[in-house]
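A short worksheet on the structure shown next.
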There are 2 protein chains.
Amino acid sequence: MNVMNDSPRRKELTRQAAQLFVQEGFDRTTVRMLAQEMGIKSGSLFHHFRDKQEILAAVIEEGTQNALAIARETLQQCDNTPEARLHAMARAHLETLLTDRNAHVVALYEWRRLDTAARDHLSHLRDAYEALWEEVIDEALAAGLIHGDRFLVSRFVMGALNWTVRWYDPSGARSPDDLARELVAMISRPAT
Amino acid sequence: MNVMNDSPRRKELTRQAAQLFVQEGFDRTTVRMLAQEMGIKSGSLFHHFRDKQEILAAVIEEGTQNALAIARETLQQCDNTPEARLHAMARAHLETLLTDRNAHVVALYEWRRLDTAARDHLSHLRDAYEALWEEVIDEALAAGLIHGDRFLVSRFVMGALNWTVRWYDPSGARSPDDLARELVAMISRPAT
DNA sequence: GGGTCAACCAAGCAAGCGCTAGTGTAAACG
DNA sequence: CGTTTACACTAGCGCTTGCTTGGTTGACCC
């Protein structure tokens, strides 16, 4: 009947679905709304995706993979000090909100709508991303840059960053780099 | 046809609705599910609430009012140092997650489902709560306890705290007081 | 003991939902 | 050329949704 590959057409449809999911939320977005946004009829949608759930999974996979890629790349390019790496991770996180905002927001806020199968598959991706964070935070703790419980600090930091999607205006005066610097400064002890 | 007062019966129904809204999300919670949880038939529900939206508004109003009350009380009882007040606000925030978790979580995560009328009415409550935070953070900044941009610091702190609903286990080893202490320690410069 | 009233029920309507079945079409392939 | 493949269409099925209607119950009141 249909396929579940990753054709370029499907990539584009996924991008448009992400936009609607952010605007309306997954549950409120109907297949008819999705189809209209994509310029096709609702029936044609199921040629590209097995069901509505699979569209959500595709959006989240795309968003998480993108965040992971940006984070890895940024980490490789920055200086090798704990402070620079912490700053780089924060900046990478905020930059995905610029370049790929919709998919990233959906990954954060519609995770619970995934069925168990999709959640199992995607949680590996998410774990890989969070592992990057814990690694960088461990380094910062070991270097005495920040203090406290490893688990709590990483949760607090990720909370502060994930919450930015609620108030951060990418077209405003503050750049991702500004925010990252401010966050790192807030939690760092004055060094050397 | 019905009423929109705040009878004791309605209070109880609101509490039960909050539970379902947290479990399933607002959109996935049907009026039939709500009615069954309340031990009545779905039609009877509309004797107490004008429509489904009004149930959500009632839950959120209750949750925000509770958080505001706890915060004000905790602030009055604590010492008058900036550090104690900052710690008190963080602890109050986390304690509402213990005593009134459901309503509080709904207020945070289903806000967008409110229609404009309800949102206008409830945003005053929310502003009052956030104003408390900004006041306490201003004091901490003025005293040199923390450093940075007033707007950004308060957003980061509220983000870290609001995110706790995703991972905090009230039955675990850490008390709200522990978490509050850790958070304040993380962002404070060593004093005196 | 008739009147009032909040609380609830049974039954169902109109609209919208995700999804399917069967078909058309134009390009790509051998 | 005939066959395959990718993509889209029309039409609608079976079900659920939020909500309405008209009526019943039992406690309380003077």
Side-chain angles (χ1 to χ4, degrees), chain A residues 1-60 106 110 112-119, chain B residues 1-60 106 110 112-119:
Chain A
M1 200 160 294
N2 50 10
V3 279
M4 41 183 297
N5 59 358
D6 38 31
S7 64
R9 179 83 176 117
R10 187 173 143 132
K11 270 264 157 66
E12 171 63 13
L13 297 180
T14 302
R15 217 185 48 77
Q16 287 177 300
Q19 162 117 13
L20 265 179
F21 287 163
V22 169
Q23 258 175 46
E24 307 286 331
F26 176 70
D27 289 325
R28 295 220 163 165
T29 306
T30 70
V31 294
R32 286 167 180 82
M33 290 163 69
L34 287 165
Q36 188 171 29
E37 185 83 3
M38 298 166 177
I40 57 180
K41 299 296 174 183
S42 70
S44 315
L45 219 160
F46 296 91
H47 172 74
H48 301 279
F49 303 92
R50 193 190 311 279
D51 53 26
K52 193 186 166 192
Q53 281 263 358
E54 200 180 89
I55 309 180
L56 178 60
V59 169
I60 292 185
V106 171
E110 305 288 354
R112 334 170 348 133
R113 303 294 160 229
L114 290 169
D115 55 36
T116 17
R119 195 150 42 203
Chain B
M1 200 161 296
N2 51 8
V3 277
M4 41 183 297
N5 59 359
D6 38 30
S7 64
R9 180 82 177 120
R10 187 174 143 132
K11 271 264 159 65
E12 171 62 13
L13 297 181
T14 302
R15 217 184 47 77
Q16 288 178 297
Q19 163 116 13
L20 265 180
F21 287 162
V22 170
Q23 259 176 44
E24 308 285 331
F26 176 70
D27 289 325
R28 294 223 162 160
T29 306
T30 70
V31 294
R32 286 166 180 82
M33 290 164 66
L34 286 165
Q36 186 170 30
E37 184 84 3
M38 297 165 176
I40 58 179
K41 299 296 174 184
S42 70
S44 312
L45 221 159
F46 296 91
H47 172 73
H48 301 279
F49 303 92
R50 193 190 312 277
D51 54 23
K52 194 186 165 193
Q53 281 261 1
E54 199 181 270
I55 309 180
L56 178 61
V59 168
I60 292 186
V106 172
E110 305 287 354
R112 335 171 344 132
R113 304 296 161 227
L114 291 169
D115 55 37
T116 18
R119 195 149 43 203

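Here is the naming used below: chain letters follow the sequence lines, and residue numbers restart at 1 for every chain.
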A:T29 side chain near A:I55 side chain, heavy-atom distance below 4.5 Å: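 No, too far: nothing below the 4.5 Å cut-off.
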Compare the minimum distances between each of [options] and the side chain of [X], then state the nucleotide with the smallest one.
| X | options | result |
| --- | --- | --- |
| B:F46 | D:dG18, C:dC19, C:dC9 | D:dG18 |
| A:V31 | D:dC19, D:dC7, C:dC19 | C:dC19 |
| A:H47 | D:dA6, C:dG18, C:dA7 | D:dA6 |

Rounded distance in Å - [atom1] ([X]) to [atom2] ([N]):
| X | N | atom1 | atom2 | answer |
| --- | --- | --- | --- | --- |
| A:L34 | C:dC17 | CG | P | 11 Å |
| A:Q36 | C:dG16 | CD | P | 14 Å |
| B:D51 | D:dT20 | CG | P | 8 Å |
| A:I40 | C:dT25 | CD1 | P | 19 Å |
| B:R28 | D:dT17 | CZ | P | 11 Å |
| A:E12 | D:dA8 | CD | P | 12 Å |
| A:H48 | C:dC19 | NE2 | P | 16 Å |
| A:R113 | C:dC17 | CZ | C1' | 16 Å |

Spacing of CE belonging to A:M33 relative to CG belonging to A:L45, to within rounding of 0.5 Å: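 Here the interatomic distance stands at 12.5 Å.
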Residues forming a salt bridge (Lys or Arg N to Asp or Glu O under 4.0 Å) with A:R28, sequence neighbours excluded: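 Only B:D27 meet the salt bridge (Lys or Arg N to Asp or Glu O under 4.0 Å) criterion with A:R28.
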Residue list, salt bridge (Lys or Arg N to Asp or Glu O under 4.0 Å) with A:R119, at least two apart or on another chain: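 Per chain and number, A:R119 pairs via salt bridge (Lys or Arg N to Asp or Glu O under 4.0 Å) with no residue.
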Distance test, side-chain N/O of A:R10 to OP1/OP2 of D:dA6, below 4.0 Å: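 Answer no for this pair, as no side-chain N or O of A:R10 is under 4.0 Å from OP1 or OP2.
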D:dC9 OP1/OP2 closer than 4.0 Å to side-chain N/O of A:S44: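 Answer yes for this pair, as a side-chain N or O of A:S44 is under 4.0 Å from OP1 or OP2.
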All N/O contacts under 3.5 Å from nucleotides 12-14 of chain C to the protein, with atom names and distances to one decimal?
none

Sugar-phosphate, base or nothing in reach of A:K41, heavy atoms under 4.0 Å: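 Result for A:K41 = base.
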Residue pair B:G25 / B:E110: nearest heavy atoms and the distance that separates them: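 B:G25 and B:E110 have their closest heavy atoms at CA-OE2, 3.4 Å.
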Minimum heavy-atom distance between A:R113 and A:Q53, given as atom pair plus value: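 Minimum heavy-atom contact is O-NE2, 3.0 Å.
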Most 5' of B:L13 and A:Q53 on DNA chain C, judged by nearest nucleotide: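 Looking at the nearest nucleotide for each, B:L13 comes out on the 5' side.
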Return all side-chain donor-acceptor pairs below 3.5 angstrom for residues 13-22 of chain A, not counting sequence neighbours, or 'none' if the list is empty.
from: A:T14; atom 1: OG1; to: A:R10; atom 2: O; distance (Å): 2.7
from: A:R15; atom 1: NE; to: A:E12; atom 2: OE1; distance (Å): 3.4
from: A:R15; atom 1: NH2; to: A:E12; atom 2: OE2; distance (Å): 3.4
from: A:Q16; atom 1: NE2; to: A:E37; atom 2: O; distance (Å): 3.2

